[in-house]
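What follows is a single structure, written as structure tokens, with notes after it.
Since we're looking at a predicted model, the values are computed, not measured.
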Amino acid sequence: MLDFPLLSELGSSTAHLLLALGIGITLPYWVDIRNNLHRAVLLTATFLLALRYIWWRGTETLAPAGMSFDMLASYSLFGFELLAMVGTVSSYVIMSRLRLRSEEADAHDHWWGDKEPRVAILIATYNEGLDVLERTIVGAVALRHRNKEVLVLDDSRRDWLRDYCAQQGVRYMRRPDNKGSKAGNINHCLERLAEDPVPPDFVAVLDADFVPHRGFISRCLALFHDPEVGLVQTPQHFFNADPIQHNLGISHSYPDEQRFFFDHMQPSRDGWGIAFCCGTSSVCRWNALRDIGGLPTESVTEDFMLTLDLQDKGWKTVYLSEPLTEGLAPEGLKEYVTQRARWCLGLMQIARSRLGPLSRNNLRLRDRWSVIDSVLFWTTSFPFRIAVVVFPLFYWYLGTIVVDAQLADVLTYFGAFYLWGQMVQRVLMPGMVVPILHDVGQLIGAIPISRAAFTGLFKPKGHPFSVTAKGGDRTKITVQWQLMMPFLILLVLTVVALLLGVFLDRFSYQDAGDGKWVVLFWTIYNLLVLSMTVLACIELPRRERHIADLPDRGLLTLESDIRRYWISSLTIDEARLRGRPQATGKQGSLRLRDIGDIPVEIIAPTVDGMRVRLMPTAEQRQALLVRFYAEGAAPGTARSQLGGLLFGLGRRLSFNARR
């Protein structure tokens, strides 16, 4: 017999969902994402739905009070969720504003007149190889700004690097110790620059693996027309896929994990005047650096603390959202997680420092909020992600109903909030958040990041700086067992729970009434997230690749035979040509636009042509590096594409099946 009251409740819930969906579909037709009033209206509505949902969770879905495991589990999950929601609401407030400064940079281009400001370009390095450093140094030398000096700051004191810098005509510096890690290395350089007859007017900082585009300096300097601006930060883009993109086979159709922050959060922070330095790809006023005594060394994330130090002295940090540098994302999953755990630890150190939100200093209220918002992100998002995966198992194995809710209520309160949030994100950040993949990105580093968050809060001092390893051999399949094991165990427990609870009917599956469908959906969703997370822990081989490369034409000369070929792949050492194959071992030259005739050797046939080895001269090699990394638009993709995602994931799964 049909349960008519239940059908009536479901009908009412469906109406809520349809209302959110209907209004959401219209948003692209009237919302101007650059209009702060429009943004505020959308995010205020999202905030009200979030408040409605969390009130319902706290008043109608918790276990009865009492000394029981049911109450402990129910209230614990709600606590995790409540704290995560506070962080989410804080981010809503930040994203209700936006400031884009490209027009301002255009208006004040070359504000300095005929006398170019002197710029020192600092490349801090510790253990990177020449394959990483070469492109950064060449790119810095190729910058269009003429009145510049490139300095390589070597914290490993390598003679071969000193000799290479001499060949490139750049200044080499080393120091006797590694005190203060990267910040100490830069401060040592600043002290030496202060001793020069003519110190710089501005200082640009590049990580060892970040190549500046040729207009990087001039575009940043344009914003220093305002004498109160102490630092200009630009976004970081990556010419290779990050480990999650690569290991899941979705680098062509899913943006890297940093795109949300650099393309959306930083411009919004700039709208509030709380954009912050991210280390590399930034330019700072020399007088501002001298005013604060150099980079702070109390935190392993000296960049964020630099912004607070500048603001404490009255200097502003602004953000220019233009692709002006590109670098190397962590290639391995272990390095990827280590880097984010270091960011988390450093932020906690800042929160406990002299520039923390509760300390006595000259920071504005909004600067204190900026730090609190970051603390909330690191301390709530990742523990909550772990809880979401673990808590459903309490139902299957212990009969504990952690969320006592009916399906109709879940659709009314959570469903409407979630659907509206997705529609708003679709307008403000198109193609940026894909639910399952977003959760994989958070879950994969959740355990070490959560550990770093609370370690930093309760023991902020005495932690060494962990350098993110770059380069190395990436030609083999590597299984990151240590990272994978917790998720593999949770995956097995979830699969077993479903088999026993649903098919064998041995556990308390029927005890939750209509709420069983909520638990079932929650568990199946976790199954998908855990499966993808485990898959992402299997690292696939990598080869050199340039995301921004487009097919080009080249003229191949082999003795008296001259033919045009399509160049379908081009790296610093090899090219793949599409067309009539030639005999392996033949030598000749390949003419590339803006490069000239490069000596080549045919090394292997392919299904549609052949592969050739490039043997460029030193000048041609540098020209290739500039072409690959220092010219053109941003590499990679800025938004997800559903068809590409499905195709990429399908290929990735078929690769596993073949093996």
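- In this structure, Trp56 and Tyr53 have tilted ring planes: the angle between them lies in the 30° to 60° band.
- The aromatic rings of His110 and Trp112 lie tilted to each other, with the angle between the two planes from 30° to 60°.
- Closest approach of Val337 to Pro448, counting heavy atoms only: CG1-CG, 3.2 Å.
- When all heavy atoms of Ala222 and Ala105 are compared, the closest pair comes out as CB-O, 3.5 Å.
- Classification of Asp226 and Arg285 as a salt-bridged pair fails, no side-chain N sitting under 4.0 Å from a carboxylate O.
- His246 and Glu331 form no side-chain donor-acceptor contact under 3.5 Å, judged by distance and modelled atom types alone.
- Between the side chain of Asp303 and the main chain of Thr280, no donor-acceptor pair closer than 3.5 Å is present.
- For the pair Arg214 (side chain) and Ala142 (backbone), a donor-acceptor distance under 3.5 Å is present.
- Remark: aromatic rings of Phe276 and Tyr319 are distant, center separation not under 6.0 Å.
- Between the side chain of Arg364 and the main chain of Gly273, a donor-acceptor pair closer than 3.5 Å is present.
- Here OG of Ser268 is found 11.0 Å from CG of Asp263. Values are rounded to the nearest 0.5 Å.
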Arg219/Asp106 under salt bridge (charged side-chain N to carboxylate O under 4.0 Å, His left out): CA gap, chis, key distance, verdict | CA-CA 8 Å; Arg219 291 299 289 173; Asp106 292 339; 2.8 Å; yes
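- Thr46 and Trp420 share a side-chain donor-acceptor pair at under 3.5 Å.
- Within the 4.5 Å cutoff, the side chain of Glu335 has no heavy atoms near those of the Pro243 side chain.
- The local environment of CZ in Phe261 is crowded, with over 12 non-hydrogen atoms from other residues, nucleotides or ligands closer than 6.0 Å.
- Residues Phe628 and Val211 form no side-chain contact, since every pair of their non-hydrogen atoms from C-beta on lies 4.5 Å or further apart.
- Leu443 CG to Ile449 CD1: the interatomic distance, rounded to the nearest 0.5 Å, is 10.5 Å.
- At a cut-off of 3.5 Å, with distance as the only test, no side-chain donor of Thr317 or Gln233 sits close to an acceptor on the other residue.
- Between atom CG of residue Leu231 and atom OG of residue Ser282 there is a gap of 5.0 Å, rounded to the nearest 0.5 Å.
- Pro296 approaches Glu302 most closely through the heavy-atom pair O-CB, 3.3 Å.
- Judged by distance alone, the side chain of Thr379 and the main-chain N or O of Ala453 form no donor-acceptor pair under 3.5 Å.
- Ring pair Phe384/Phe80: centre-to-centre distance not below 6.0 Å.
- Looking only at atom types and distance, the side chain of Ser370 has no donor-acceptor partner in the side chain of Trp272 under 3.5 Å away.
- Using a 4.0 Å cut-off between a side-chain N of Lys or Arg and a carboxylate O of Asp or Glu, Arg135 and Glu326 do not qualify as a salt bridge.
- Remark: the backbone N or O of Arg34 is paired with a side-chain donor or acceptor of Asp32 at under 3.5 angstrom.
- Looking at every heavy atom in both residues, Cys220 comes nearest to Leu324 through SG-CD1, 4.4 Å.
- Trp111 and Phe202 have perpendicular rings, their planes meeting at more than 60° on a 0 to 90° scale where under 30° would count as parallel.
- Using modelled atom types, one side-chain atom of Asn147 and one backbone atom of Glu116 make a donor-acceptor pair closer than 3.5 Å.
- Side-chain atoms of Ser353 come within 3.5 Å of backbone atoms of Ile350 as a donor-acceptor pair (strictly under, hydrogens ignored).
- The structure places OG1 of Thr44 at 11.0 Å from CG of Leu49, a figure rounded to the nearest 0.5 Å.
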Could you please spell out the steps behind the side chain to side chain contact (heavy atoms under 4.5 Å, CB included) verdict for Phe304 and Ser374?
-> CA-CA 10 Å; Phe304 195 149; Ser374 297; 3.6 Å; yes
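- The number of heavy-atom neighbours closer than 6.0 Å to CZ of Phe260, taken from other residues, nucleotides and ligands shown, is above 12.
- For the pair His213 (side chain) and Pro323 (backbone), a donor-acceptor distance under 3.5 Å is present.
- A donor-acceptor pair under 3.5 Å is formed between the side chain of Arg39 and the backbone N or O of Ile33.
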Give the intermediate values and the outcome of side chain to side chain contact (heavy atoms under 4.5 Å, CB included) for residues Leu77 and Arg57.
-> CA-CA 10 Å; Leu77 179 62; Arg57 277 282 286 118; 4.2 Å; yes
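- Using a 4.5 Å heavy-atom cutoff, the side chains of Leu347 and Phe377 are not in contact.
- One finds the CH2 atom of Trp522 at 7.5 Å from the CG atom of Asn526 (value rounded to the nearest 0.5 Å).
- How far CG of Leu333 is from CD1 of Ile244: 6.5 Å, rounded to the nearest 0.5 Å.
- The closest side-chain heavy-atom distance from His108 to Leu223 is not below 4.5 Å.
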Audit row: Thr637, His252, side chain to side chain contact (heavy atoms under 4.5 Å, CB included) steps and yes/no | CA-CA 7 Å; Thr637 180; His252 290 288; over 6 Å; no
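- Closest approach of Asp373 to Ser90, counting heavy atoms only: OD1-OG, 2.6 Å.
- Proximity of a side-chain donor or acceptor of His145 to a complementary backbone N or O of Pro117 within less than 3.5 Å is detected.
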Leu248 vs Tyr254, side chain to side chain contact (heavy atoms under 4.5 Å, CB included): CA-CA, chis, key distance, verdict | CA-CA 10 Å; Leu248 295 180; Tyr254 187 67; over 6 Å; no
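- Ser450 and Ile386 get closest at one heavy-atom pair: OG-CD1, 4.0 Å.
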